[in-house]
Amino acid sequence: MKNLIIPLLALLVAPAAVAQEVVPVKAKQIVSDYPLEITWHKTTLLLFPSPIQDADRGDAYVLAERIDGVENVLKVKAGERDFRPSNLHVITTDGRVYAFTVTYADQPPVFTIDMGKQPPHSPVTFDGISLNSRDLEFAAAAIKGSPPFIRGVGQKRHGMGMRLDGVFIKADVLFFRYNLKNNTQIRHDAAAPRFYIRDKKRAKRTAVQDTEMEAVFVQHSGVPENAEGQTIIIAFPKFTIAESKYFVTEITETGGDRNVECRIDQKKLLRARKLD
């Protein structure tokens, strides 16, 4: 399976290390990922009941490719031994999303897995919005590939850069796409982002009054140390803000002080583009 080290099939993310994390909040139902053990010297085959439409591996050491002429089979193998746990997402043409937690094993118990015989993988639903987890992931995939259209919203400090690339609306959900870039040689380990509605003007010697908000979906793609940086897509039930306020997204560093934030005002928020 040496050919897996060559660039992967077009449906996978480019060879740079890609880390993706999806964090649902207020879910009515949580569906666990499928556990998947792989090794470096043998190939594991994943058989899906429908053709594969898209796939995304968490890290470059998870090697995967589709078999030529076979649309529903994915070959998976470890690119190195004893790697840290990672993940893999596969989307099939029937709209189902398969999420795997990928771990290393010298001798996995099985090497051929028929996903059509696994327990159902139902989408997660959320209070207050009409989109389920599958809808959110498909919307995020469309947003990730769209060109940036918001300018001048961001912050650069401590060798870090954060910017807002776009705001989108689908049904009753607002999506924000950010880029986080680390221009130093010290890795940036981010804590979970936080979100606030904040007054533009604060009276002196008064306590800061921020209204904290909760996202229904957070997705990280790539890492800040990549040449293109990390893409972060965040979704909320739709909202608007007054002219006197900002919507603030703050990213703090775990075990450090390289914290950055983006502030968006009413004018920029109302430029949200509709997703079909």
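Small disclaimer: the values here were computed from a predicted structure and weren't measured. Here, residue 1 is the first one in the sequence, and each next residue gets the next number. The basis for the numbers below is simple: all heavy atoms, side chains too, and nothing from hydrogens, waters or symmetry mates.
- With Arg258 contributing its side chain and Met160 its backbone, the two residues share no donor-acceptor pair below 3.5 Å.
- Side-chain atoms of His41 come within 3.5 Å of backbone N or O of Asp106 as a donor-acceptor pair.
- In this structure the side chain of Leu46 reaches within 4.5 angstrom of the side chain of Phe100, judged on heavy atoms.
- Just one residue in the list Phe217, Phe247, Phe168, Phe126 forms a ring pair (Phe, Tyr, Trp, His ring centres under 6.0 Å) with Phe236, and that residue is Phe247.
- A 4.5 Å side-chain heavy-atom check between Arg57 and Ser86 finds every atom pair outside the cut-off.
- For the atom pair CG of Leu131 and CD of Glu137, the computed distance is 12.0 Å after rounding to the nearest 0.5 Å.
- With hydrogens and angles disregarded, no donor-acceptor distance shorter than 3.5 Å links the side chain of Arg198 to the backbone of Val248.
- There is a path of hydrophobic side-chain contacts, each under 4.5 Å, that joins Ile264 to Ile169.
- A donor-acceptor pair under 3.5 Å is formed between the side chain of Thr39 and the backbone N or O of Ala105.
- Taking every heavy atom of both residues into account, Val73 and Arg66 meet most closely at O-CG, 3.2 Å.
- Atoms OH and NZ, on Tyr246 and Lys201 in that order, are 10.0 Å from each other to the nearest 0.5 Å.
- With contacts defined as side-chain heavy-atom distances shorter than 4.5 Å, the pair Gln107/Lys42 qualifies.
- Note that CD1 of Ile67 is 9.0 Å distant from CD1 of Ile52, once rounded to the nearest 0.5 Å.
- Listed here is the closest heavy atom pair of Ser221 and Lys144: OG-NZ, 3.3 Å.
- Remark: the backbone N or O of Val62 is not paired with any side-chain donor or acceptor of Asp59 at under 3.5 angstrom.
- Between Pro35 and Thr101 there is no side-chain heavy-atom pair separated by less than 4.5 Å.
- For the atom pair Glu71 CD and Phe48 CZ, the distance stands at 13.5 Å (nearest 0.5 Å).
- In the hydrophobic cluster analysis, where Ile, Leu, Val, Met, Phe, Trp and Tyr join through side-chain heavy atoms closer than 4.5 angstrom, Leu275 is grouped apart from Leu270.
- Pairing each heavy atom of Leu36 with each of Thr44, the nearest pair is CD1-CG2, 4.2 Å.
- The CG atom of Asp172 lies 13.5 Å from the CZ atom of Phe239; values are rounded to the nearest 0.5 Å.
- In this structure the side chain of Pro193 reaches within 4.5 angstrom of the side chain of Val218, judged on heavy atoms.
- Taking the six-membered ring where tryptophan is involved, the planes of Tyr178 and Phe176 are essentially parallel, since the angle between them stays under 30° and well short of 60°.
- Put simply, the side chain of Asn179 gets close to the backbone of Glu228: a donor and an acceptor are under 3.5 Å apart.
- Cluster annotation: Leu45 is not connected to Tyr98 through the hydrophobic network of ILVMFWY side chains, with a link wherever side-chain heavy atoms come within less than 4.5 Å.
- A side-chain donor-acceptor contact under 3.5 Å links Lys200 to the backbone of Glu243.
- The hydrophobic clustering, which links ILVMFWY residues whose side-chain heavy atoms are closer than 4.5 Å, places Val167 and Tyr196 apart.
- The shortest distance between side-chain heavy atoms of Leu88 and Leu74 falls below 4.5 Å.
- With salt bridges taken as basic N to acidic carboxylate O contacts below 4.0 Å, none links Arg187 and Glu225.
- The shortest distance between side-chain heavy atoms of Lys245 and Thr211 does not fall below 4.5 Å.
- The two residues Val216 and Leu136 make their nearest non-hydrogen contact at O-CD1, 4.3 Å.
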* Asked: Where do Gln53 and Thr92 land on the side chain to side chain contact (heavy atoms under 4.5 Å, CB included) test, with the steps shown first?
  -> CA-CA 5 Å; Gln53 176 174 303; Thr92 53; 5.9 Å; no
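- A continuous path of Ile, Leu, Val, Met, Phe, Trp and Tyr side chains, each step under 4.5 Å between heavy atoms, connects Phe195 with Ile233, placing both in one hydrophobic cluster.
- One distance of note links NZ of Lys268 with CZ of Arg151; it measures 11.0 Å at 0.5 Å rounding.
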* **Steps toward side chain to side chain contact (heavy atoms under 4.5 Å, CB included) verdict (Ile232, Ile251)** => CA-CA 11 Å; Ile232 307 172; Ile251 295 180; 3.5 Å; yes
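- Taking every heavy atom of both residues into account, Pro85 and Thr103 meet most closely at CB-CG2, 4.1 Å.
- Side-chain contact of Arg273 with Ser146: a donor-acceptor pair under 3.5 Å is absent, judged by distance alone.
- The closest donor-acceptor contact from the side chain of Gln266 to the backbone of Ile241 lies under 3.5 Å.
- At most 12 heavy atoms of other shown residues, nucleotides or ligands fall within 6.0 angstrom of atom CG in Asp257.
- Nearest heavy atoms, Pro224 versus Gln230: N-CB, 3.6 Å.
- A donor-acceptor pair is defined here as one N or O able to donate and one able to accept, closer than 3.5 Å; such a pair exists between the side chain of Arg157 and the backbone of Asn259.
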* Asked: Can you check side chain to side chain contact (heavy atoms under 4.5 Å, CB included) on Arg84 and Tyr61, steps first, answer last?
  -> CA-CA 9 Å; Arg84 294 179 299 171; Tyr61 46 70; 3.9 Å; yes
* To do: Step by step, work out the side chain to side chain contact (heavy atoms under 4.5 Å, CB included) result for Phe83 and Ile38.
  => CA-CA 10 Å; Phe83 60 74; Ile38 61 175; 3.8 Å; yes
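- Among Glu212, Glu250, Glu261, the one residue that satisfies the side-chain hydrogen bond (donor to acceptor under 3.5 Å, both in side chains) test with Arg194 is Glu212.
- Remark: Asp265 does not engage Arg263 in a salt bridge, criterion side-chain N to carboxylate O under 4.0 Å.
- Between the Asn72 side chain and the Ser50 main chain, no donor and acceptor come within less than 3.5 Å of each other.
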